[in-house]
Amino acid sequence: MTHRNLIALTTAAGLALAGTTALAQNNGADSGSMGIPDVVKSLEGEGYTQIESVEHEANRYEVDATAPNGHRVELEVDENSGEILHSERDD
């Protein structure tokens, strides 16, 4: 194996590892917070449907969903407990 091939292989392995780490952080796996699948499952358990656009921002998730009463809502969900911190009707 040439020196150039070794550098390319090492670089590729490093990038692959970095991508895996970033994915784990986005899903809450490393930080102790709930990941997106956990947030969705928690909201479904509370009767929310059509859960879309789950985004992680500043220690909380912002979620667009349909509330149990049928209204579209924007939710702020605590990243650690899954508690709904704020709910606003989204017309």
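Because the structure is predicted, anything quoted here is derived from the model rather than measured. All heavy atoms count here, side chains included; hydrogens, waters and symmetry mates do not.
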Query - Trace of the side-chain contact (heavy atoms from CB on, under 4.5 Å) decision for D90 with E88 - result: CA-CA 6 Å; D90 184 23; E88 182 176 301; over 6 Å; no
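Applying the side chain to side chain donor-acceptor pair (under 3.5 Å) criterion to E74, with sequence neighbours excluded, gives no partner residue. With sequence neighbours left out, the side chain to side chain donor-acceptor pair (under 3.5 Å) criterion links N59 to no other residue. Here T66 pairs with Q50, R72 under the side chain to side chain donor-acceptor pair (under 3.5 Å) rule; sequence neighbours left out.
Legend: salt bridge (charged side-chain N to carboxylate O under 4.0 Å, His left out) pairs involving residues 53-62, not counting sequence neighbours, sorted by first then second residue: R60-E62, R60-E76.
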Side-chain donor-acceptor pairs of residues 41-49 under 3.5 Å, sequence neighbours excluded:
none

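Taking CD1 of I51 as the start and CD1 of I36 as the end, the distance is 12.0 Å to the nearest 0.5 Å.
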